[in-house]
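One structure below.
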Protein chains: 2
Amino acid sequence: MVTDNPRGERMPTLEMVAARAGVSRATVSRVVNDSPKVTPEVVQIVNDAIAALNYVPNRAARSLASRRTQVIALVVPESTARLFADPFLASIVQGVALRLSETDYTLNMLIASESRPEKTRRYLMGGNVDGAIVVSHHRGDHSYAHLGQALPIVFGGRPLNDLDDESYFVDVENELGAQRITDYLIASGRKRIATIAGPQDMPPGVDRLAGWRSAMRANALDDSLIEIGDFSPASGAEAMRRLLDRGEPFDGLFAANDQMAAGAYSVIHEAGLTIPGDIAVGGFDDDYYAATSTPGLTTVHQPSSRLGGTMAEVLVKLIEGEEVERVTMMPTELVVRNSI
Amino acid sequence: MVTDNPRGERMPTLEMVAARAGVSRATVSRVVNDSPKVTPEVVQIVNDAIAALNYVPNRAARSLASRRTQVIALVVPESTARLFADPFLASIVQGVALRLSETDYTLNMLIASESRPEKTRRYLMGGNVDGAIVVSHHRGDHSYAHLGQALPIVFGGRPLNDLDDESYFVDVENELGAQRITDYLIASGRKRIATIAGPQDMPPGVDRLAGWRSAMRANALDDSLIEIGDFSPASGAEAMRRLLDRGEPFDGLFAANDQMAAGAYSVIHEAGLTIPGDIAVGGFDDDYYAATSTPGLTTVHQPSSRLGGTMAEVLVKLIEGEEVERVTMMPTELVVRNSI
DNA sequence: TTGAAAGCGCTAACAG
DNA sequence: CTGTTAGCGCTTTCAA
C-alpha cells in the first residue's frame, strides 16, 4: 500500500512526466536539471508535460539521490536571538534570506540552544545542510569554527581570537569607519572629543575604539576621555554621566554604536546641554534610532543587509568549490545628519 | 559507485547501527521513532550503538519514506522583507524560531518574490513543507488563503477582508489596546485628544482607530481630531504638523504606532512644546524607539515575539491534526513611561 | 515484539 | 543524445 501525503493528495512524479512526454525518467531528470545534452525539441516536450502536470521535483528524493541538500543553515545563538529584536541582526537575516531567494538554496534558520549545543552540532553534521552561516551579535564567537573542516561555514564578524585563521568570515570596516567619523568631528572644529566605547571583549568594541584613537592621535589630540558601555542605551547613558562627572570639558563625542548614542542623548539633554551646540555626537551603525532621533544622528552606516547578502554569497561559492577569500571586508559610509 | 557527500565523508546509517546492535533496520527505526512496542533491553542496545556511532538520521531519507518533511515554511513577502529592519517583524520571526527550536520541526524562511508568486506557491505546494506561517507587515494579506485547503497555514494578523473565514490566524487585540491607552490619556486629565491613525487599508490601522474612537465616545469627548499616516516616522511628523495647523488646541495624542509617535515627537519639540506638559503622547507597539526616546514613550506593548511563538504552536497543532481555534487573540499590555 | 521486503522519487553511472 | 539500471537511507506493511 502506498501512503499518501498528509493532505491525502498525490503529487505528480518525475515518472508521470516521463510517461506523458514519452521519454525516460533520466531524460526528464536531465531537463529538470538543465543538463546541456538534451535536444531542444525534447526539452520542449518535457517542459510541456511538466507544465501540464504541474510537476514540482521532490526535494527529499533529489537530496537523497544526489547527496546534496540545497539547504543552508543560518545559526543564531539563543542568547543572540533573545536580544530584544536586535535590528542589526534582523537586517543580516534579511540580507541572507533575500540573497538566497535568488538561488536554489533554501534557508534553514535555527536557534542554537546554548544549553544543548550538541543538538545544533548534530543537526549541522548530520548531513542536513550543505553549509552554514553563523551570526552572533557582535561577539566574534567562532565556537563552531572546528566544524569548519567538515562543513563549509561562514561567520559574521571577525573572530575574537585572531589565532583562528581557518574560518571564513565577512566583517565590516569598523576601525576605518570609526576613524572617519572621528575625523569628521575634528574637521567640524571640535578639539576635546570623548568616546563611549563598546565592550572590549567584542571585536567591534575593540576596533571602533582603535579607530577613534588613531584619528585622535593622528591629530595630536588627547585620547584619554574614554568610558566603556555594553552597546545598550542604558549603558550609554551611564557612560555619558561618568564622562560629565569627570569635570573635564569636552565638545565632541563618538559613541561606538547608535544605541549608546541614544542613551548619551538623553543625558546630554537632561544636563541642559544642546546637540551639536555644546556637544557634537557621532554614532555607529545607522540604525533605526539614528534616523528618528532629534537631532538626527550623524553616524557610520553599517551595510548590515549587504553583509548578510555577502555572507550568503561567500558560502554558496564555498559550497560549490569556488575560490573565496577567507576574509571579506565590507565598507562603511558616513551618514551626515544634524548632530555634528 | 557510491558518491560520497560533499566533504567526502560517510555518515553512519541506520543499517550500520542495526548491524552493530545485532538487530534489524526496522527495529532501529522503531527505536529512533520512539515506537512503544520495543523491548526496553533492545532499546538500550540500539541506543548504545547509536551513541557509539554518533548516528544522526538522514532527514531526506526519512522524509521520502514517511512522506512528511518536518519542515515549516515562514513566508515573508518580499516587500515586507525589504522594509528597513522592521523590528516588529524581526520579533515575530524570532518568536517562531524559538518556539520551533523546541520541536522537531525545522524552520524554512522564505522570501516570497512578488514578481514571481508561483515560485513560492510551487514550493509550498510541492510537498516541501508540512505547513506554513505567513507574515506580512501589518497588512492582513491573506493572498495565500486559497492554499489553506491543501496545506496547513497560519497567518499573522486578521484578514483585511472579513469574509475570509476559512483561514487560521493569530492576532493582537489592537482595538482593546488602543482603547485602553486612550482611557489612560483621559484618566490623566486630558480632554482634547487627537490621533494619528494608521492606513485604513490595514487591519491594525482600522482597529486602533476604532479603539481610540470608542474610548473617546464612551467619555463623550470630541473624536474629530484625526490624521492618517502610514506607520512611518516621516508620516507621523507630517500628520502632527497637519494636526497643529488645524489651529484647534489639544493636549493629548494617540499615535497608532511608536514610529509615528517618534515623528510626532520631533514636530512637537520643534514647535517648542513639551511632552507631556503641553501634549501627552501615547503610542502602540512598544518597539525599540519607545524605550529610548526622551521622554520615554508610554505605549501599548505588543507581544510580537509571543505572537510568533503562538503562530508556530497553532500551526504544529494543525499539522498534527489537533483541534485549534481559527482565531487566536493575543492580549496587549499598557507600558507606562513618561510621555503621559 | 521483531524481521523481511518493498518501495518513497530522484540521480548518476554506464551502455548504447 | 537517450535509456537502463542501481541504488540514496529510511519507513512501513506483512508475516513470523
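To find a chain, count down the sequence lines: A is the first, B the second, and so on, and within it residues start at 1. Keep in mind the model is a prediction, meaning the values are calculated, not measured.
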Please collect all salt bridge (Lys or Arg N to Asp or Glu O under 4.0 Å) contacts where either partner lies in residues 28-41 of chain B, sequence neighbours excluded, each pair once.
none

Minimum side-chain heavy-atom gap B:I50-B:V32 below 4.5 Å:
yes

Going by heavy atoms in the side chains, are A:M330 and A:D171 under 4.5 Å from each other?
no

Interatomic distance, A:E15 CD vs C:dG7 P [rounded to whole Å]:
12 Å

Any cation-pi pair here, A:R158 with A:F169, using under 6.0 Å and within 45°?
no

The side chain to side chain contact (heavy atoms under 4.5 Å, CB included) partner of A:V75 among A:I133, A:I111, A:L124, A:V135 is A:L124

Flag the pair B:L74 / B:N108 as yes when at least one side-chain heavy-atom distance between them is below 4.5 Å, and no otherwise.
no

Rounded to 10°, tell me the angle between the two end axes of the helix from C:dT1-D:dA16 to C:dG16-D:dC1, each built from five pairs.
30°

Interatomic distance where CG belongs to B:N128 and P belongs to C:dG9 [whole Å]
13 Å

Roughly how many Å is it from CZ in A:R68 to P in C:dC10, rounded to a whole number?
15 Å

Residue pair A:D130 / A:R68, side-chain heavy-atom distance below 4.5 Å
yes

Between A:R67 (CZ) and C:dT11 (P), how many Å, whole number?
15 Å

B:M16 CE to D:dG9 P: how many Å, rounded?
10 Å

Flag, side chain of B:S35 to backbone of B:V31, donor-acceptor distance under 3.5 Å:
no

Can you run down the salt bridge (Lys or Arg N to Asp or Glu O under 4.0 Å) pairs that involve residues 303-319 of chain A, sequence neighbours left out, and say none if there aren't any?
A:R99-A:E313

So does A:R30 reach the base of D:dG3 with its side chain, donor to acceptor, closer than 3.5 Å?
yes

Identify whether any heavy atom of A:V32 sits under 4.0 Å from a base atom; if not, whether one sits that close to sugar-phosphate; answer base, sugar-phosphate or nothing.
nothing

Contact under 4.0 Å: A:T13 side-chain N or O vs C:dC8 OP1/OP2
no

Taking C-beta and beyond as the side chain, do A:V316 and A:L100 meet within less than 4.5 Å on heavy atoms?
yes

For residues 56-64 of chain B, which residues have at least one heavy atom under 4.0 Å from DNA chain C?
B:L64

Under 4.0 Å, heavy atoms only, any strand: does B:S29 hit a base, just the sugar-phosphate, or nothing?
base

Among residues 19-27 of chain A, which residues get a heavy atom nearer than 4.0 Å to DNA chain C?
A:R25, A:A26

Distance, rounded to the nearest Å, where B:K37 contributes NZ and D:dT12 contributes P:
11 Å

Would the number of heavy atoms belonging to other residues, nucleotides or ligands and lying under 6.0 Å from CD of B:E15 be above 12?
no

Which side chain to side chain donor-acceptor pair (under 3.5 Å) pairs, counting each pair once, include a residue from residues 51-60 of chain A, with sequence neighbours left out?
A:R59-A:T106

Please report the distance, rounded to the nearest Å, between CG in B:L14 and P in C:dT2.
15 Å

Between CG of A:D34 and C1' of D:dC1 the distance, given in whole Å, is 16 Å

OP1 or OP2 of D:dC8 sitting under 4.0 Å from any side-chain N/O of A:S66?
no

